[in-house]
Q: 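Here you go, one structure.
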Amino acid sequence: MTLEWVHPGLLLIFGAWALPILKGRLRWYVLLLLPAVALIACFRMTPGIYGQVHFLGQDLVFGRVDQLSLVFSYVFSIMTLLGIIYALHVKQVAQHVTALTYAGGALGVTFAGDLLSLLLFWELMAISSVLFLWLRRKPNAVTAGFRYLLIHLLGGLLLLAGIVIQWSQTGLIIFEDMEVFSWSPAWILILLAFLINAAVPPLGAWLPDAYPEATVTGAVFMTAFTTKSSVYALIRGFAGTELLVWLGAIMAIYGVVYAVLENDARRLLAYHIISQVGYMVCGVGIGTSLALNGATAHAFAHILYKALLFMGAGAVLEMTHLRKLSDMGGLYRTMPITLGLYMVGAFAISAVPFFSGFVSKSMVVAAAGEAHLVWIFLMLTLASAGTFLHTGLKLPYYMFFGKDSGLRAEEPPRNMLVAMGLAALACVLIGVFPRLLYQHLPHSVYYVPYTLQHITSTLAMLGFTALGFFLLLKYLDPEPKISLDMDWFYRRGAEGAMKVIQGPLERLESRYVAESYECLIRSPMLGVAKLLRNFDTRVVDSTVLGLARLTQIFSQALKITASGNAQHYGLIMAVAVLALCALLVIRSS
Amino acid sequence: MTDYPILTVTTFLPFLGALVILFFGHERHTRWIALCTTLLTLAVSTPLYWSFEKSSSELQFIEMAEWIPNWNVSYGMGVDGISLPFIFLATVLSILCVGGSWTAVQTRTKEFYAVLLVAETAMVGLFAATNLFLFYIFWELMIVPLFLLIGVWGGPGRVYAAVKFLIFTLAGSVLMLVGMIALYHNCGTLDFKALTSFQLQPSFQVWLFVAFLAAFAVKVPMFPVHTWLPDAHTEAPTAGSVILAGILLKMGAYGFLRISLPILPEAVQIFLTPMLFISAVAIVYGAYVTLVQTDVKRLIAFSSISHMGFVTLGIFTLNQNGVEGAILQMINHGILSAGFFLCIGMIYERTHSREIKDYGGIGKVAPIYSSLLAFFCLAATGFPGLNAFVGEFLIISSAFQARVWLGVMAIWGVVLGTAYLVWLFYRMVMGKTNSGLESLQLELGIREVATLTPLVLLALCLGLYPELVLSYLRAPVAQLLAGGVTP
């Protein structure tokens, strides 16, 4: 490895080892210093190939630096610093080590120029992030972590299988555009591995299962890295794969629909990650330079605003220890700063003009329009309205306004507010000065977000959504109360609609998609395992024992003839001689 | 090169130590004598590694002496790149066996350490032997100490397990003896190198292959003659399990490399597909059966069947990467299974239970122990950057080249392997701490950490820099594959 290039990921991963040794203030400084240095290292980097290592007859490239990996490394390292600031008050040092290792893994994925080093960091991310669940030490979190780990290790193995096939068939493990290998087994396996990490349904059930169970600060990291590093990998390897267009659009809608059902604040936000990643996956599928720029820009913006939203929801969780929306309400009185910062994130995710989502999400939607994908365009726009409805209106309404729950929680610790403030600042800066982001995108940008038509149509859509929200407020109540009134007819209609969603749809999710581990992986696996164990004990083992038993019986039978008593032998001999004589007599006569 | 007969000294130094313990040792000092002997053995063997000429596929450090001139049998010792890593593994694991038995063995300590040292002699001698006669002697010598270790110092079902082990291995080696006599009658020599130059009749080769297969398959163990292994591993004391999993299983695969492949190439050709098939079956079958074990030791024992399936799979792909991967996998499995059995032995000393359900939540009471266990689990699942990854990667990629379905089954074996290891870790370490466990001092002491550390370091080094072993293998494996066998 050359000295002029420092791998920021390895810096974080190995630097994290120093933390448990250090105490007090010194640990704080190192904790802040590591991501800061990584950030500087990323921004000082120039395109090129660094860190080549010879391994198993292949050249591993740990540092492929180009425009695409640079922009992802910027946002990953910014996010690491923000996340660490947010988590500064956490005493459990293992969480910090986990965070840095995990972030280092994401940076490693970003700079990996070959599939083997990609796999290394990919697995490292899976192993480290599960600790965020296990460190919470709650029974639910532990079991969710186990499911999370299994699905991610399975993903890692699919990736491994793909790499092995690719290597044995082509002798190449370079990680580049895979289009020439389309629909080969290796291509399919690698794509599947990426789709699992990108939480594409039905492979994405792990995300809403795991994220709400993570520690408050851990969830912030998790929202940023796993799905987005996967988006990076998709852009790198699978740009222009048509399948992804549809998968992405379905994801965008899927996440929004399931968010309707959610009462758990962080789980609602988790479903919205799926929805937002859907835009990116869709952009990757469209594959034009505008779409790829859009996917990249949206990933960049999304990491910051989603982290901000999770920070806000986490702050409430930290201060109230409540996670159900129906238990909260009225928090605006005592947590105004948290509310304000959260709303910045909410506006950003809803693509309100002058917030970051507006300049990034619209690129993908515009690319869909430009490619004449009418249905996709409509689906993405619809999902957009749904996003505003839930994260921009429903969640803050029930959390901070709504009926007063009597909670008087204080503002969170100052470091949390600082981190949220910085994230909010970034959301606004990108929204107001889109060039800041656009100049780093992999392709040159000719897209202008601020046109009169774009602003007015967005505002109109948001306005109508808001109007609808306040008109239909009663039916969105996370804990519906029945008050017989003249609106009985409306309510029945709304109830019917809700029944469809809560009935079959919810059943689909909770019984099949979320339980897909149970049905598809765990029970068949254990079933076969038990069958084979019985075979092993009943057939394989008893064949051997049976042979032994037979030998025993045979020897027992022989034992009769070998009594060791001379009289017996004499008798037998006499009988035999007599028999022989008798035989001779009969023969001769 | 060195001035003293290095291989003979390395082989018989432990034997000398055993004699010292038996005749002069005091009960109180035996473990110190054993530790010193094993350390000294490693020390005297070190010149082997740095003055070895890696680019040559020839035997090195050769020692020859007349032995039984009438039968044209000589005492021949020598190593090549294939046997050298095994000698290293055997000498290192012997030290750790002494470390792992330090407090665990309380009865008949004199005899225990003497038997352990005799086992080391047999292990090293087997890998250093250059003719079949000597090979056979060490092969049979190995059975005695293992039988005693299981039968005398084992768990509750030790007698059953020991007898089962004895019957299986003896049945196998009787056939090997027949094969050896047949070879001698035909060729008039038993020297490995001389034997490779004979062009034996294919039909004769087939019979010989079957005879040797009986011995090797039992040792590996291959499906379906694996059934002695779970009992033996489970009932053996920690040191016995380590030697069984670490070295004894490798003897069978080493036999394939030393005898079947170079001397019986045409028979190998004929048996290729069946061998590949039962290897793949062993991988998947072993992994499935592992998944539902409730006894920790039994679980690791069954996982050995699956992992050794990878080894035979790699060998019979008959391809440079596959064979190199198989040998590397043997070394890796030796390191990791030793780690597992030592870990389990250490906690068994405190809880006296091997049932997984009696554990749970030990992460809270024994963080160091849990991290070490996590490390071994992670390494054994084939985490990139740790040792098992490289071997499995090489084997699976050459399996895909040989037959696609083999690769698929191998991958499935890795998936299942991940599942049972993660599940094991989850059930033992995570969750609520079992009420009985908190009062026991579960955390490891310095001696125990020191026993496990070398294995952790080896796993890391081999994962990051597999050339450490692969560089020794390149020339001899190429030579082996050039000698007639083709995939």
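Below, chains carry the letters A, B, ... as their sequence lines are ordered, and counting in each starts from 1. Because the structure is a prediction, the values reported are computed rather than measured. Side chains are part of it too, since the values below use all heavy atoms of this structure and drop only hydrogens, waters and symmetry mates.
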Q: Take the angle between the ring planes of B:F223 and B:H226 and call it parallel below 30°, perpendicular above 60°, tilted in between.
A: parallel

Q: Picking from B:V408, B:D231, B:V289, which has the most non-hydrogen pairs under 4.5 angstrom with chain A?
A: B:V289

Q: Taking side chain as everything from C-beta outward and backbone as N, CA, C, O, which of these in B:I167 sits under 4.5 Å from a heavy atom of chain A? Side chain, backbone, both or neither.
A: neither

Q: Heavy-atom distances under 4.5 Å only: say whether A:T143 touches chain B with side chain, backbone, both or neither.
A: both

Q: Could you look at A:L532 and say if it's the side chain, the backbone, both or neither that has a heavy atom under 4.5 Å from chain B?
A: both

Q: Count the heavy-atom pairs under 4.5 Å between each of B:Y285, B:W228, B:F400 and chain A, then report the option with the highest count.
A: B:Y285

Q: Please tell me whether A:Y102 and A:T226 have a donor and an acceptor in their side chains that are separated by less than 3.5 angstrom.
A: yes

Q: Which atoms of B:I411 are under 4.5 Å from chain A, going by heavy atoms: the side chain, the backbone, both sets, or neither?
A: side chain

Q: Please identify, among B:V415, B:L464, B:T290, B:N321, the residue contributing the most non-hydrogen atom pairs under 4.5 Å to chain A.
A: B:V415

Q: Can you label the angle between the A:F194 ring and the A:W122 ring as parallel, tilted or perpendicular, going by 30° and 60°?
A: tilted

Q: With a sphere of 6.0 Å drawn around NZ of B:K54, does it hold more than 12 non-hydrogen atoms of other residues, nucleotides or ligands?
A: yes

Q: Under the salt bridge (charged side-chain N to carboxylate O under 4.0 Å, His left out) rule, what do B:R427 and B:E355 come out as? Steps first, then yes or no, please.
A: CA-CA 11 Å; B:R427 285 180 291 172; B:E355 285 296 315; over 6 Å; no

Q: Kindly indicate whether the side chain of B:W405, heavy atoms from C-beta on, has any atom under 4.5 Å from the side chain of B:F277.
A: yes

Q: Select one option (side chain, backbone, both, neither) describing which atoms of B:E392 are under 4.5 Å from chain A's heavy atoms.
A: neither

Q: Out of B:G382, B:S397, B:A399, which one racks up the most heavy-atom pairs below 4.5 Å with chain A?
A: B:S397

Q: Chain B heavy atoms under 4.5 Å from A:F55: which part of the residue, side chain, backbone, both or neither?
A: side chain

Q: Between the side chains of A:R136 and A:E213, is the shortest nitrogen-to-carboxylate-oxygen separation below 4.0 Å, so that they form an ion pair?
A: yes

Q: Hey, which of A:L153, A:I165, A:I163 has the most heavy atom pairs under 4.5 Å with chain B?
A: A:I165

Q: Non-hydrogen atoms of chain B under 4.5 Å away: do they reach the side chain of A:L531, the backbone, both or neither?
A: neither

Q: Answer with side chain, backbone, both or neither: which region of B:F383 has an atom nearer than 4.5 Å to a non-hydrogen atom of chain A?
A: side chain

Q: Could you verify whether a donor N or O on one side chain and an acceptor N or O on the other, from A:Q58 and A:D114, lie under 3.5 Å apart?
A: no

Q: Between B:K364, B:K164, B:Q401, B:M430, who has the most heavy-atom pairs with chain A when the cutoff is under 4.5 Å?
A: B:M430

Q: side-chain contact (heavy atoms from CB on, under 4.5 Å) for B:L470 and B:L328? Distances and angles first, verdict last.
A: CA-CA 7 Å; B:L470 291 179; B:L328 190 60; 4.1 Å; yes

Q: Just give me the residue among B:L394, B:V422, B:I396, B:L378 that pairs up with chain A most often, heavy atom to heavy atom, under 4.5 Å.
A: B:V422

Q: Within a reach of under 6.0 Å around CH2 of A:W17, are more than 12 heavy atoms found that belong to other residues, nucleotides or ligands?
A: no

Q: Checking A:L116 against chain B: side chain, backbone, both or neither under 4.5 Å from a heavy atom?
A: side chain

Q: Quick check on B:Y420 against chain A: is it the side chain, the backbone, both or neither that has a heavy atom closer than 4.5 Å?
A: neither

Q: Will you find, in the side chains of A:W134 and B:Y426, an N or O donor that is under 3.5 Å from an N or O acceptor?
A: no

